[in-house]
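Below: the structure, in structure tokens.
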Amino acid sequence: MLELRNVNVAYGSTQVLWDINLHVETGEIVSIVGGNGAGKTTIARALSGLLPVMSGNIFLNGEDIANQASHVILGKGLVHIPEGRQLFTDMTIYENLELGAFNKQARANMNKSLKQVYEWFPKLEERSSQLAGTLSGGEQQMVAIARGYMSQPKLILFDEPSLGLAPNIVDHILDVAKSLTKQGVTVILVEQDVRKALRISDRGYVLENGRVRLEGKAKELLENEDVKKAYLGF
Ligand code: ATP
């Protein structure tokens, strides 16, 4: 479904991603993990058209989307749930969700999608008229995910969904990520919490200094001695 081939990305004259090769198959959960500054968010932003790709290809269902505008990529079914959430803070939860269902098809199915997101996150229904800016960090993350789902994406890219959240909320959000795949949505999880991310994933990529250092089945990465030492506190 998605393939990055020799992707290089720079901020100005500073290159931060080097020859990234990775692929994601339909229905998988694939984690991109690594420490601070490894380049995870940069991959997420390049994938969704928020950062230019210096060279290389990003194929989405066979079509090269590298350097296409972010709204075009969104229209092709790739939704990015950004780090920091970026909600419309002076709008209500409901209005944020309504904005997520921006295309014709999503608008036509809005009630069905709403029912699903309220099932995942009952709090959002209880508080649907509350301004998004007044919500806690965890609740804002729920709105961001729900808003992304409202567009009926084929692929959801989560950028650091666990950032700053309590462990039980992180677990709930990761459960939702997992149940997305049961609906045929493919998931990419960009995460610093290596253990939690790999536990729910099919496969993973470990990034270091802007390069793919390791890749493989999530279970195998969790057992890998280098991963254990560097990221799992062994
Ligand atoms: P974190 O988990 O800390 O967000 P990350 O793996 O997501 O880390 P990136 O944010 O992708 O890492 O950063 C990769 C590298 O790019 C880092 O060296 C960082 O300093 C650099 N970088 C990130 N944003 C910019 C920017 N706007 N301008 C210049 N350099 C940047």
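Read the numbers this way: they start at 1 and go in the same order the structure lists the ligands and their atoms. Quick note: numbers below take in every heavy atom, side chains included, and nothing from hydrogens, waters or symmetry partners.
- Shown in contact with Thr42 at under 4.0 Å from a heavy atom are these atoms of ligand 1, numbered in order with element: 9 (P), 11 (O), 13 (O), 14 (C).
- Electrostatic pairing of Arg5 and Glu3 counts as a salt bridge here, judged by a charged N lying under 4.0 Å from a carboxylate O.
- Tyr11 CD1, 3.4 Å is the protein heavy atom nearest to atom 30 (N) of ligand 1.
- Defined by atom type and a distance below 3.5 Å, a donor-acceptor pair is present between the side-chain atoms of Ser55 and Asn8.
- For Arg45, the closest heavy-atom approach to ligand 1 does not fall below 4.0 Å.
- Contacts between Val16 and ligand 1 below 4.0 angstrom, taking non-hydrogen atoms only, involve the side chain exclusively.
- Here the heavy atom of the protein found nearest to atom 8 (O) of ligand 1 is Gly37 N, 2.8 Å.
- Residue contacts with ligand 1 do not include Ala44, since none of its heavy atoms lies under 4.0 Å from the ligand.
- Within ligand 1, the atoms closer than 4.0 Å to a non-hydrogen atom of Ala38 are 5 (P), 6 (O), 12 (O), numbered from 1 in the order shown.
- For the residue pair Ser128 and Tyr118, no side-chain donor N or O sits within less than 3.5 Å of a side-chain acceptor on the partner.
- A donor-acceptor pair shorter than 3.5 Å cannot be found between the side chains of Gln130 and Tyr94.
- Summary of contacts: the protein heavy atom closest to atom 10 (O) of ligand 1 is Thr41 CB, 3.8 Å.
- Using a 3.5 Å distance cut-off with no hydrogens or angles, the side chains of Ser162 and Glu191 do pair a donor with an acceptor.
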Quick one: do Val227 and Leu214 satisfy side-chain contact (heavy atoms from CB on, under 4.5 Å)? Show the steps, please. CA-CA 9 Å; Val227 172; Leu214 284 168; 3.5 Å; yes
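- Near Gly35, meaning under 4.0 Å from any of its heavy atoms, are these atoms of ligand 1: 6 (O).
- Ion pair Lys123/Glu139 flagged as a salt bridge, since at least one NZ, NE, NH1 or NH2 atom sits closer than 4.0 Å to an Asp/Glu carboxylate oxygen.
- Salt-bridge formation is detected for the pair Arg213/Asp226: a Lys NZ or Arg NE/NH1/NH2 atom is positioned less than 4.0 Å from an Asp or Glu carboxylate oxygen.
- Atom 20 (O) of ligand 1 lies below 4.0 Å from none of the non-hydrogen atoms of the protein.
- Aromatic ring centroids of His172 and Phe121 lie under 6.0 Å apart.
- Both the backbone and the side chain of Lys40 come within 4.0 Å of ligand 1, counting heavy atoms alone.
- The presence of a protein heavy atom under 4.0 Å from atom 23 (C) of ligand 1 is confirmed.
- Here the heavy atom of the protein found nearest to atom 12 (O) of ligand 1 is Gly39 N, 3.2 Å.
- The nearest protein atom to atom 3 (O) of ligand 1, hydrogens excluded, is given as Asn36 OD1, 2.8 Å; this is a heavy-atom distance.
- Salt bridge present: Lys196 and Asp171 bring a charged side-chain N and a carboxylate O closer than 4.0 Å.
- The Gln192 neighbourhood of ligand 1 comprises atoms 1 (P), 2 (O), with distances under 4.0 Å to a heavy atom of that residue.
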